[in-house]
Amino acid sequence: MDNILTIEGVSKSYTGHKALDNVSLAIPRGSIYGLLGPNGAGKTTLIRVINRITIPDSGRVLLDGKPITVDDIYHIGYMPEERGLYKKMRVGDQAIFFARLKGMSKADAAKRLHEWFERLGLSEWWGRKVEDLSKGMAQKVQFISTVVHEPKLLIFDEPFSGFDPINANLLKEEIMGLRDRGATVIFSTHNMASVEEICDHITLINKSRNILSGSVEEIRRAAGGNTFTVVFSGDEQQLRTLLGGRVTILGESSGLIGGYTQLKIHIPSDDDIRGVIAALNDNCRLRSFQEVMPSMNDIFIRAVEGRL
Amino acid sequence: MNKTMLIVMREFSERVRKKSFIITTLLMPLLMIGLMLAPSLIMLYGKGSAKRVVVVDRSGLVAGALTSGDELLFETLEGMSVAEACTTYDDESDIFAILAIDDDVMTNPRAVKLITNSSSSITIEEAITSQIENIVEREKLKAYDIEDLDRIMAEVDTHIDLETVKNNGTGDLDSMESTSSGVNYILGLVLGMLLYMIIIIYGQMVMTSVIEEKNSRVIDVMVSSCSPFQIMMGKIAGVALVAVTQIAIWALLIIGASKFVVPAVFPTEVAATSTGMMSAMIGTFSDAGYITMLFGYMLLFILGGFLFYASMFAASGSSVDSVQDAQQFNTIIMLPIILGIIVMMQVFNDPNSDMVFWFSIIPFTSPVVMMARIPFDIPAWEVILSLVILYASFVATVWIAAKIYRVGIFMHGKKPSFKELWQWIKMK
């Protein structure tokens, strides 16, 4: 696979604790890559290693197969977790300033920024000071400043924190749009729902280590592990006795509308799935039988707890 | 456009558009000229209405000889005791005070009392005592029975108007420039203090701006576009440009004032009749060429001194999270400037002493001390040497400051110790 960015055995220690412990990962070109992990896992440190704010103790970062240089960094779009805008400066001036620092001409920057402002509903704020903006609007400005020079590699640290669901959605669509136009996007988050929706690949970082990497599809399937929900009506007690030993019952909710009961079960053996369905069918009025794909949230928690 | 230039221009345009900048730029020269000329102006135009003083003179010697002037009007009361006068002329009357003189005024220094209805002032008291002293002295002299006393007194009355000129070696006294140590003293003091203030104010401006960028994490965005060194230099240069702009505007306003306003406020006949300090002061301020020269030097020293110190202030700002935390470092940075102010006071005793010379060459104190020396017409090579050393040392402080800066801006939390700062400097 064509990887735009490769991280090889990166470690970084601060006095008293290890922020990154031999982390390796590869980011496919044109993907949206999620760096997941609990607070303090080392996500931000990893991002800062990638854009050379932090120099790792060992390991290296390769961009297009070559060690990343300062000049490369100047072409990356980077949005830090704690948003950085000059409070007293006018929004438009500021966006133009950052765009020009990234090498755009003044006219070009103004033109494209106006397009972006229009698109994200910020036009009327162009001449206002940043301190007049709400937090969400300031974040949009920051987002625009990050992407306006159309870098081929974008790094967002916790891009969705502080956004309401509507604006978070807007941002997701913009991020997917950037990917569709050819950019590679790396973002860190501890919000698993956003990962399911937009990430192609993820890496799970916990306690400074990479504990799980891969495409979202594969990871969910692998972690899925024969878990099903069964909705039925009939004698639940009898059913439990019947299935005892063949399945593990993970959860139950009874008294659904229409007198149905729902069980969440785990079938250890693939070969037994049909047998279980047959047994259910014979002993109760089976309404549905469905495989449960684990949510990223489940996977995250199980991985962090070492149960994966 | 070059990235450093972009940062310089942003820093500059954001600052000069602030209201506070516009206000201080316009008000400062007015304040400066006002402060320097205020005493003369008050003398010229600031006279209050004359105060009426009734005199109860039991000796019969003084009252007749008192002369009323613009400030005090003496009225002699006949046949009234002090107690009666006090009840007659109390708060209700428009009499300022009652001057009571006992009959033993020739021998008793405490024989004179001023009974006021409102508060008195030192000038009034001095005016009254000096008049009475003169009268009593004359009365005493009369006792020696000298002939033609008045004429003799008028003849011995002496006044010296000393003119100091700078020896130019030609022996032609008329071609020598007149200098006045009084004016030099005031000019030196004002220039030295101004330099001190500008270095500290603008230096701290750099520092707070660095802290602001660090805290708002703008710096994180910036370093993904340009190097920490570019950011630091851009900021220092941007603030320097603001300082230069401000001083240039001040210079224009003050030179304009010295060309048009001073001659207008002080009509030539006033300038001609006034003597000593005041005439020298008016003379200096009417000399636009001299003022231009002073501002030229000042600009060079302010720029050099600012650059020298601003880089240290930038390093201080980068290593802390708040202005409070920066205080400890600032105190150390400012110590040499304050030492400079102390040494500057010595300049006025002897502008060419060894100590003053060296302090005006060593870069830490040189801007302030040299600026105070310049009005005393010191050799040009000393000024140039001082400037060269100052600008060369600026390179060194920037080099060290940049090393602290590039680490400091990413360090949050605990304030670093000096040991840590030293490690940052050594870090490759």
Side-chain angles (χ1 to χ4, degrees), chain A residues 14-16 44-45 47-55 68-90 93-106 109 129-131 138 141-146 148-149 151 153-157, chain B residues 1-21 205 208-231 233-235 238 318 321 405-414 416-417 419-420 423-424 427-428:
Chain A
Y14 293 109
T15 35
T44 299
T45 308
I47 286 177
R48 288 165 87 98
V49 165
I50 294 174
N51 58 26
R52 287 180 61 108
I53 289 178
T54 302
I55 305 300
I68 196 161
T69 66
V70 173
D71 265 349
D72 293 331
I73 302 304
Y74 296 165
H75 295 109
I76 289 178
Y78 169 52
M79 182 163 96
E81 178 179 7
E82 289 178 74
R83 313 297 183 235
L85 292 172
Y86 292 106
K87 289 189 189 65
K88 301 278 179 198
M89 204 173 170
R90 288 180 200 289
D93 292 351
Q94 181 146 202
I96 288 182
F97 170 67
F98 284 126
R100 292 181 74 192
L101 272 186
K102 286 292 185 188
M104 293 178 81
S105 75
K106 193 174 182 179
K129 285 188 179 168
V130 170
E131 59 190 354
V141 174
Q142 186 97 54
F143 176 79
I144 294 172
S145 301
T146 313
V148 69
H149 63 295
L153 181 59
L154 283 156
I155 303 175
F156 300 110
D157 201 350
Chain B
M1 202 197 282
N2 175 309
K3 283 176 183 173
T4 313
M5 271 316 285
L6 270 175
I7 296 167
V8 172
M9 288 323 291
R10 191 206 77 84
E11 200 70 35
F12 177 75
S13 68
E14 283 302 303
R15 286 189 188 280
V16 295
R17 279 193 292 181
K18 276 189 185 159
K19 279 193 201 79
S20 56
F21 174 83
M205 203 182 268
T208 45
S209 169
V210 169
I211 293 176
E212 191 205 330
E213 253 168 31
K214 182 181 174 182
N215 279 347
S216 67
R217 314 284 165 147
V218 173
I219 197 76
D220 290 26
V221 181
M222 300 270 289
V223 290
S224 67
S225 307
C226 41
S227 72
F229 185 74
Q230 286 176 313
I231 300 170
M233 285 317 292
K235 181 166 293 297
S318 72
D321 282 348
Y405 183 86
R406 83 200 153 145
V407 183
I409 44 173
F410 299 120
M411 292 288 176
H412 291 278
K414 202 174 78 60
S417 63
K419 203 176 131 208
E420 282 169 289
Q423 282 167 349
W424 293 358
M427 216 182 271
K428 283 258 156 54

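First the proteins, then the strands, lettered A, B, ... as listed; each starts at 1.
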Do [X] and [Y] come close enough that some side-chain heavy atom pair is under 4.5 Å?
X        : Y        : value
A:Lys88  : A:Glu131 : yes
A:Phe143 : A:Met79  : yes
A:Asp72  : A:Thr69  : yes

Sorted by number, residues from residues 208-215 of chain B in contact with chain A (heavy atoms, under 4.5 Å):
B:Glu212, B:Glu213

Please test B:Arg10 against A:Phe98 for side chain to side chain contact (heavy atoms under 4.5 Å, CB included), starting from the C-alpha separation and ending with a verdict.
CA-CA 10 Å; B:Arg10 191 206 77 84; A:Phe98 284 126; over 6 Å; no

Most heavy-atom pairs under 4.5 angstrom with chain B, which of A:Pro80, A:Ser145, A:Ser105, A:Gly103?
A:Pro80

Between B:Ile409 and B:Ile231, does a side chain to side chain contact (heavy atoms under 4.5 Å, CB included) hold up when you go through it step by step?
CA-CA 11 Å; B:Ile409 44 173; B:Ile231 300 170; 5.7 Å; no

Residue B:Ser13 versus chain A: region with a heavy atom under 4.5 Å
neither

At a 4.5 Å cut-off on heavy atoms, which part of B:Ile7 comes close to chain A: side chain, backbone, both, or neither?
both

[X] versus chain B, the contacting section by heavy-atom distance below 4.5 Å:
X        : result
A:Leu85  : backbone
A:Lys106 : neither
A:Asp93  : side chain
A:Gln94  : neither

Without swapping roles, check the side chain of A:Lys102 against the backbone of B:Ser224 for a donor-acceptor pair under 3.5 Å.
yes

Among B:Ser227, B:Ser216, B:Ser225, which residue has the highest count of heavy-atom pairs closer than 4.5 Å to chain A?
B:Ser225

SB check A:Arg48 B:Asp220 (cutoff 4.0 Å)
yes

List the residues meeting side-chain contact (heavy atoms from CB on, under 4.5 Å) with B:Ser20, not counting sequence neighbours, and say none if there are none.
B:Lys18

In this structure, OH of A:Tyr78 is separated from CG of A:Asp157 (nearest 0.5 Å) by 5.5 Å

Determine whether A:Thr146 and A:Phe156 satisfy the following criterion, side chain to side chain contact (heavy atoms under 4.5 Å, CB included), listing intermediate values before the conclusion.
CA-CA 9 Å; A:Thr146 313; A:Phe156 300 110; 4.1 Å; yes

